[in-house]
Protein chains: 2
Amino acid sequence: MVVPAKSLGKPPADRPSAAGDRLTEAIELLFFAYRDFISDPDEILAEYDFGRAHHRVVHFVSRNPGITVAELLNILRITKQSLARVLKQLIERGFVAQETGKQDRRQRLLYLTASGRELEERLAAPQRARVAAALEKAGPGAEDAWRTVLLELVNDEDRTEVEHRIARAPVEQR
Amino acid sequence: MVVPAKSLGKPPADRPSAAGDRLTEAIELLFFAYRDFISDPDEILAEYDFGRAHHRVVHFVSRNPGITVAELLNILRITKQSLARVLKQLIERGFVAQETGKQDRRQRLLYLTASGRELEERLAAPQRARVAAALEKAGPGAEDAWRTVLLELVNDEDRTEVEHRIARAPVEQR
DNA sequence: AAAATATGTCAACATGGCTGACATAAAATG
DNA sequence: CATTTTATGTCAGCCATGTTGACATATTTT
């Protein structure tokens with residue numbers, strides 16, 4: 001233990017890293033958890049020749065049937081050109097359908113098709129199982145704490161919106 | 001648990017998505033939290049013309065002074081060619097230093113230089129602040145729950161290793 | 001001496017971000 | 001009603017970072 005006394009300057013253990021830093025450990029845990037969490041659907045996506053970008057779109061369209069392109073962009077925080085690439089493929093191959101908005105005919109409301117819903121369920125299944133197992137192992141009460149911390153990690157400006165998004169009827173108005 | 005009769009017709013609200021699904025909500029929260037969490041260091045990285053890949057390397061070298069290339073690859077789960085690209089830049093520009101292993105002279109042990117430590121601290125600061133604030137808001141006990149759930153999200157095969165990694169003296173033997 | 005291991009490197013390719021420019025249709029506005 | 005703004009789409013090209021496959025070198029292990 002005790003790293004070799006090492007090169008240039010202080011042996012690292014003063015503060016920002018090395019051992020015993022609860023905060024850094026929490027940050028690192030988030031990396032590992034997320035790394036494995038997002039690895040689940042990759043094999044399924046590969047069957048379809050899709051990537052993680054497609055997964056995100058399928059997920060959020062599933063969660064927000066009738067979502068507009070603008071809303072989706074706001075969630076994903078990517079450019080419309082980036083979104084267009086994957087969205088086009090999802091539409092061409094029949095996983096996502098568009099409908100012209102009724103109030104505002106400029107909008108393209110997005111929905112999953114039957115195939116899209118099937119894909120979504122396949123992708124979600126392993127992630128749901130993983131989270132369910134983790135929450136169960138962590139015991140009762142862990143879920144609330146877990147959710148609270150995650151929500152608090154979100155940018156202040158976005159927290160209200162996220163809060164609404166994660167528990168609500170299908171979409172909003174339209 | 002029981003994937004409901006699927007759909008094809010019904011307005012989505014039966015299970016996989018829409019409202020009222022605690023598990024799906026938790027998954028989505030993880031997306032939003034991670035989205036904002038990793039956005040913090042981006043501006044700092046841009047100053048150096050570095051990307052997130054560089055951040056990851058700096059972080060794990062900081063946390064594991066003297067780590068070998070093979071260990072780093074195992075953590076990051078990328079190919080050595082991918083790692084080589086960013087590692088080379090970090091070394092050339094003086095943020096990471098290499099040393100030949102003393103027991104095994106084939107190994108290249110990695111360390112942060114003084115500049116590397118400085119960069120690491122700059123990058124870590126906003127993330128530490130964000131996590132600290134979130135844990136505080138969530139109240140006492142939240143941290144343990146949070147850590148437990150994250151650890152349980154990790155692949156079974158990797159959990160022991162991650163456990164050792166997040167709380168331990170610098171590296172192992174070498 | 002031979003095989004295995006740790007690392008590095010070259011080349012080519014894919015995904016999914018990005019910027020900038022421009023086009024169209026529909027809605028909103030004065 | 002003419003003009004402007006908004007929602008969306010699209011073309012072209014660039015960049016970061018992931019991938020595979022092949023091969024080279026030094027060192028350790030067998």
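Within every chain, numbering begins at 1; the chains are lettered A, B, ... in the order of the sequence lines, protein sequences first and strands thereafter. All values derive from a computational prediction rather than experimental measurement.
- Going from atom CG of A:Asp49 over to atom P of C:dG16 covers 10 Å, rounded to whole Å.
- Note: CG (A:Leu73) to P (D:dA7) measures 11 Å, nearest angstrom.
- Within the nucleic acid shown, A:Gln89 has no heavy atom closer than 4.0 Å to any nucleic acid atom.
- Candidate nucleotides D:dT19, D:dG21, D:dG9 were compared by shortest atom distance to the side chain of B:Arg85, and D:dT19 ranks first.
- The phosphate of C:dA26 has OP1 or OP2 within less than 4.0 Å of a side-chain N or O from A:Arg105.
- Checking D:dG9, C:dG8, C:dC18 against the side-chain heavy atoms of A:Arg108 singles out D:dG9 as nearest.
- The number of heavy-atom neighbours closer than 6.0 Å to CD of B:Glu92, taken from other residues, nucleotides and ligands shown, is above 12.
- Going from atom NZ of A:Lys102 over to atom P of C:dA26 covers 16 Å, rounded to whole Å.
- Between B:His54 and D:dA16 there is no side-chain N or O to OP1 or OP2 distance below 4.0 Å.
- Ring-plane geometry between A:His55 and A:His59 is classed as perpendicular, the angle between the planes exceeding 60 degrees on a 0 to 90 degree scale with a lower cut at 30.
- Here C:dT9 presents its P atom at 10 Å from NZ of B:Lys80, a figure rounded to the nearest Å.
- Residue B:Ser82 has its side chain nearest to D:dG18 when only D:dG18, C:dA27, D:dT27 are considered.
- Taking 4.0 angstrom as the limit, A:Gln81 places none of its side-chain polar atoms (N or O) nearer than this to OP1 or OP2 of D:dG13.
- Nearest nucleotide to the B:Arg106 side chain, out of D:dT20, D:dA26, C:dT7: D:dA26.
- Side-chain proximity of B:Ala84 to the nucleotides C:dT9, D:dT8, D:dT17 is greatest for C:dT9.
- A parallel orientation is assigned to the rings of B:Tyr34 and A:Tyr34, their planes being inclined by less than 30° (bins at 30° and 60°).
- Taking atom CZ of residue A:Arg56 and atom P of nucleotide C:dG16, one finds them 8 Å apart after rounding to whole Å.
- Listed pair B:Thr79 / D:dT19 meets the phosphate criterion, a side-chain N or O lying under 4.0 Å from OP1 or OP2.
- Counting only distance, with no hydrogens or angles, the side chain of A:His54 and the backbone of A:Gly51 share a donor-acceptor pair below 3.5 Å.
- Note: CD1 (B:Ile78) to P (C:dT15) measures 19 Å, nearest angstrom.
- As rounded to whole Å, 13 Å separates atom P of C:dT7 from atom CG of B:Leu76.
- Considering only the side chain of B:Val69, C:dT7 comes nearest among C:dT7, D:dG9, D:dT17.
- In this structure, A:Lys88 atom NZ and D:dG9 atom P are separated by 10 Å, rounded to whole Å.
- Distance check, rounded to the nearest 0.5 Å: CG of B:Leu135 to CG of A:Leu23 gives 7.0 Å.
- The side chain of B:Arg77 contributes no N or O atom lying less than 4.0 Å from OP1 or OP2 of D:dT19.
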